[in-house]
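Numbering starts at 1 and runs along the sequence shown. Note that these values count all heavy atoms, side chains included, but never hydrogens, waters or copies made by symmetry.
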Amino acid sequence: MQKRLLIILTSFVLLLSGVLLGISFVQEGDAGSYKNPDKSRLENIIAKGKIRVGTTGDYKPFTYWNPTTKQYEGYDIDAAKQLAKDLGVKVEFVKTTWPTLMQDLQNNKFDISMGGITRTLVREKTAHLSQAYIQDGKSPLIRKEDKEKFKSLADIDKPNVKIGVNPGGTNEKFVRENIKNAQVILVQNNLEIPKMVAEGKVDVMITDSTEARYYATQDERLSAILTENPFDLHEKGYLMPQGDLDFQNWIDLWMDEMKLQGKFKELEKKWISG
């Protein structure tokens, strides 16, 4: 009986020791993972005194590289400058393109991308998109003389119609998914397409209604149609790396403040509505 009791007691001690050892191991492992946590991008930006903003520079009125002044300008360029000011740091603009946007972000070429970026589920798979600041939709930019010719997507999607589109962004995605008969012409520089429409080199540019309206006000030969009833609806946001909640939360709070103080409305009046 005593021998049996001794065996039970010994087994209990060994079991208890194993449990305690397991608890100790887990606690030590958890503690170890917090000894040198990776700094948030927010912390690094403040420490370096600089935020790197990726932008394409080819999407008026959100982002435009002015070859005369050698400076970026536009709605989101002003927003980026305000963002840097509110962070207490300088801003450095980094050139990117629509085809390389996601890869450049993943390669850490910039901290955030700003410039009329559409919030999509596909982009959210590999990056993080902020809350929205503008709602938009795809609309056609055409020549004024063709207003009676093009009144719907069906009118545009015909074999004798040429559509100019820049590669890599949501404009191309929309055209590829919805245009089956018209001729699709890829134009590397998005800034060239409105002029090509005006000159008759292509017939239509399908883009965000904000951009279509902008170019229609800049060139009397052009007309933005269906802007009040666009082909689809989407929203603009700012693109960031995944997994950094501190940085993401700060950006969202900053955007809340921009809305609360009416600063986004000021930018819209300056760059879009006039």
Side-chain angles (χ1 to χ4, degrees), residues 41-42 44-45 50-67 71-81 83-84 91-138 164-178 184-194 205-212 214 232-244 247-248 250-252 254-255 267 271:
R41 187 172 295 266
L42 176 63
N44 287 329
I45 289 168
K50 177 178 70 177
I51 184 168
R52 300 168 303 157
V53 177
T55 196
T56 61
D58 67 347
Y59 185 24
K60 294 180 178 181
F62 296 102
T63 172
Y64 171 60
W65 171 256
N66 190 322
Q71 299 287 330
Y72 286 101
E73 58 188 47
Y75 180 111
D76 280 326
I77 301 304
D78 281 359
K81 291 176 181 177
L83 170 64
V91 61
E92 175 186 318
F93 291 107
V94 179
K95 172 68 176 176
T96 187
T97 67
W98 295 110
T100 64
L101 176 64
M102 300 300 291
Q103 192 61 52
D104 287 347
L105 178 72
Q106 292 175 329
N107 289 341
N108 195 32
K109 290 189 176 181
F110 41 78
D111 303 302
I112 188 171
S113 186
M114 304 171 71
I117 299 169
T118 300
R119 287 158 39 96
T120 69
L121 294 173
V122 172
R123 284 173 172 159
E124 186 70 18
K125 287 180 180 179
T126 52
H128 173 74
L129 284 151
S130 73
Q131 61 175 278
Y133 61 96
I134 280 182
Q135 187 179 86
D136 215 337
K138 298 299 179 191
V165 64
N166 63 305
T170 57
N171 288 351
E172 183 186 18
K173 183 176 184 294
F174 178 88
V175 168
R176 297 296 185 192
E177 290 177 351
N178 294 277
V184 178
I185 298 173
L186 289 180
V187 182
Q188 294 298 321
N189 187 350
N190 189 58
L191 294 170
E192 295 177 0
I193 304 177
M205 177 185 189
I206 295 180
T207 185
D208 295 329
S209 58
T210 300
E211 184 180 29
Y214 173 82
D232 67 1
L233 289 175
H234 56 255
E235 296 174 316
K236 303 295 186 188
Y238 300 134
L239 191 72
M240 293 164 276
Q242 287 182 338
D244 192 337
F247 186 48
Q248 294 166 11
W250 195 94
I251 293 295
D252 277 340
W254 171 77
M255 293 180 75
L267 292 178
W271 291 102

task: Would you sort out whether R41 and R52 count as a side-chain contact (heavy atoms from CB on, under 4.5 Å), showing the intermediate values?
output: CA-CA 11 Å; R41 187 172 295 266; R52 300 168 303 157; 3.6 Å; yes

Counting C-beta onward and ignoring hydrogens, is there a side-chain heavy-atom pair between [X] and [Y] closer than 4.5 Å?
{"X": "L101", "Y": "S113", "result": "yes"}
{"X": "L129", "Y": "L239", "result": "yes"}
{"X": "D76", "Y": "T55", "result": "no"}
{"X": "Q103", "Y": "K109", "result": "no"}
{"X": "M102", "Y": "V122", "result": "no"}
{"X": "T97", "Y": "Q188", "result": "no"}
{"X": "L83", "Y": "Y238", "result": "no"}
{"X": "T210", "Y": "K236", "result": "no"}

query: Ring centroid separation for Y133 and Y75, is it under 6.0 angstrom?
result: yes

Measuring from [X]:[atom1] to [Y]:[atom2], what's the distance to the nearest 0.5 Å?
{"X": "R123", "Y": "T118", "atom1": "CZ", "atom2": "OG1", "result": "6.0 Å"}
{"X": "Q131", "Y": "Q248", "atom1": "CD", "atom2": "CD", "result": "12.0 Å"}
{"X": "N171", "Y": "W98", "atom1": "CG", "atom2": "CH2", "result": "8.5 Å"}
{"X": "T63", "Y": "D78", "atom1": "OG1", "atom2": "CG", "result": "11.0 Å"}
{"X": "E211", "Y": "D136", "atom1": "CD", "atom2": "CG", "result": "9.5 Å"}
{"X": "N108", "Y": "Q106", "atom1": "CG", "atom2": "CD", "result": "11.0 Å"}

- prompt: Side chains of H128 and D244: donor-acceptor distance under 3.5 Å anywhere?
  reply: no

- prompt: Is there a donor-acceptor contact under 3.5 Å linking the side chains of T56 and D58?
  reply: yes

message: Please check if the number of heavy atoms outside K95 that lie under 6.0 Å from its NZ is greater than 12.
response: yes

message: Around atom CG of L233, are there more than 12 heavy atoms from other residues, nucleotides or ligands closer than 6.0 Å?
response: yes

Tell me whether [X] contacts the main-chain N or O of [Y] through its side chain, where contact means a donor paired with an acceptor under 3.5 Å.
{"X": "E235", "Y": "R119", "result": "no"}
{"X": "E172", "Y": "V165", "result": "no"}
{"X": "N189", "Y": "L191", "result": "yes"}
{"X": "Q242", "Y": "K125", "result": "yes"}
{"X": "T207", "Y": "A212", "result": "no"}

- line: When every non-hydrogen atom of V91 is compared with those of A84, the smallest separation belongs to CB-CB, 3.7 Å

field: Non-hydrogen atoms of Y214 and P61 that approach each other most closely
entry: CD1-CB, 3.9 Å

task: Could you check whether the rings of W250 and W254 sit parallel, tilted or perpendicular, using 30° and 60° as the cut-offs?
output: parallel

